Protein chains: 2
Amino acid sequence: MRENKTDRRIQRTRRLLGDALLALIEEKGYAAITVQDILDRANLGRSTFYMHYRDKDDLLVSEFDHFKELFEHFESQPSAKGRHLQSSEYSPSLAFFRHAGGQHRLYKALMGKRGGETVHKLLYPYISDLMKTHLEKFIPDSKNSAVPREVAIHFFISSFLTLLTWWLDHDMPYTAERMDQIFQTLTLSGFNSALGIRLTHR
Amino acid sequence: MRENKTDRRIQRTRRLLGDALLALIEEKGYAAITVQDILDRANLGRSTFYMHYRDKDDLLVSEFDHFKELFEHFESQPSAKGRHLQSSEYSPSLAFFRHAGGQHRLYKALMGKRGGETVHKLLYPYISDLMKTHLEKFIPDSKNSAVPREVAIHFFISSFLTLLTWWLDHDMPYTAERMDQIFQTLTLSGFNSALGIRLTHR
DNA sequence: TAGATAATGAACATCATGTTCATTTTCAAT
DNA sequence: ATTGAAAATGAACATGATGTTCATTATCTA
């Protein structure tokens with residue numbers, strides 16, 4: 001079958017472009033990268049790029065999609081490395097920290113400082129959805145909490161992203177487990193007193 | 001004296017450019033703005049812009065400097081509106097929330113989502129310095145805290161910026177005092193258990 | 001009124017973007 | 001091995017933003 005081979009050829013080109021992008025993000029930051037930089041790095045012709053992607057952002061988005069696939073695959077391993085998926089104790093934050101530990105390069109390029117705004121605009125809603133689903137279980141409907149529910153959730157998600165980014169930008173000086181524990185220590189009691197609930201703090 | 005008049009003329013031009021920039025940031029976000037946009041909005045000639053600023057970023061930085069001047073002036077009013085400067089209870093976060101309330105436009109353009117990365121790179125160190133000075137007083141040297149001091153401080157400052165940004169982007173649905181209280185509720189207990197100290201929570 | 005300084009806008013060189021197209025490479029099918 | 005379809009190529013091009021230059025005009029002080 002031709003299709004398989006052709007696909008492989010296309011995938012190879014795309015991977016070259018994606019790898020070049022990731023490497024360049026680490027070197028000079030996303031904003032400073034030009035399409036020509038990517039082409040030079042990947043040793044590909046100009047029109048090749050536009051054959052696969054609309055523009056620089058489109059390539060970045062496809063790298064982000066790649067990250068999502070990897071993460072979701074990682075998550076779907078029932079208990080591969082992770083005894084972290086036992087229903088009641090499942091914590092999306094720990095899953096992210098763990099996965100990031102194994103996918104240093106991709107995570108650092110996308111979520112580190114040098115990744116830039118575009119990624120953040122994709123990342124926030126993605127993590128937000130995951131966390132919200134998780135949090136919904138714990139948050140009561142109480143109207144008279146000390147802090148508006150919306151603000152507390154935003155705080156919680158932003159704190160996680162802040163710490164993940166910090167960790168990656170500092171070359172992961174602590175284990176994923178320690179980072180998650182730090183995250184929980186910093187946010188959980190505030191989150192609890194804000195909403196008048198108690199999340200289990202492992 | 002000639003200087004006064006000339007200065008006034010220059011200042012007028014600069015203000016036109018700055019105002020145009022701020023308005024455009026609110027409309028389309030900093031990244032999407034072109035120098036020509038600013039010129040059209042301000043009704044000025046192309047070369048006039050480059051007579052005053054090196055590039056778009058230079059103009060933005062000067063707006064940021066303007067913000068700092070305003071804030072420092074606001075802070076130096078011994079007790080203008082604020083009984084918020086009584087030494088022991090002084091809180092930089094409340095000062096910011098209050099000042100932002102009175103300078104909605106400038107703050108929203110600079111610190112809101114649409115302000116972009118450049119401002120954040122200026123803003124973080126600025127707020128960081130202010131807060132650190134404030135925090136130093138409370139943080140002991142203890143080496144065996146639950147969370148590395150560096151991480152806790154980063155968390156604290158980032159949380160503040162996150163909430164300030166959220167507040168501005170949502171058109172300040174709460175008073176400055178309420179926002180500061182929210183900020184303290186969300187962060188202080190975590191910060192305390194992280195470092196094993198107790199900040200006074202007004 | 002004269003002299004100095006600021007503002008102007010047209011023209012220009014440079015650079016990145018995204019498109020087009022004729023040509024070449026690659027590979028599966030025969 | 002040959003062929004034909006899909007993919008890769010790179011030169012050429014149009015467009016639009018950037019930042020500079022300069023001769024001219026406007027503005028204000030002395």
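Reckoned from all heavy atoms, side chains included, excluding hydrogens, waters and symmetry mates. All figures in this text were calculated on a predicted structure; none of them were measured in a lab. Per chain, numbering begins at 1; letters A, B, ... match sequence-line order.
- B:Thr162 is not listed as a side-chain neighbour of A:Phe155, based on a closest heavy-atom distance of 4.5 Å or more.
- An OP1 or OP2 oxygen of D:dA8 is reached within less than 4.0 angstrom by a side-chain nitrogen or oxygen of A:Thr13.
- Residue A:Thr34 is classed as a sugar-phosphate contact, given heavy-atom separations below 4.0 Å to backbone atoms only.
- Close to C:dA6, at under 4.0 Å from its OP1 or OP2, lies no side-chain N or O of B:His52.
- A donor-acceptor contact under 3.5 angstrom links the side-chain atoms of A:Arg46 to the base of C:dG18.
- For A:Tyr50 and C:dG18, the shortest distance from a side-chain N or O to OP1 or OP2 is below 4.0 Å.
- Judged by a 6.0 Å distance limit and a 45° cone about the ring axis, A:Arg14 is positioned over the six-membered ring of A:Tyr53.
- Between A:Phe71 and A:Tyr107, the closest side-chain pair of non-hydrogen atoms falls below 4.5 Å.
- Closest to the A:Val35 side chain, of the nucleotides C:dT5, D:dG19, C:dG18, is C:dG18.
- Salt-bridge check for B:Arg149 with B:Glu136: passed, with a basic side-chain N closer than 4.0 Å to an acidic carboxylate O.
- The B:Met51 side chain lies nearest to C:dT8 when the options are C:dT8, C:dC21, C:dC27.
- Within the 4.0 Å cut-off from OP1 or OP2 of C:dT8, at least one side-chain nitrogen or oxygen of B:Thr48 is found.
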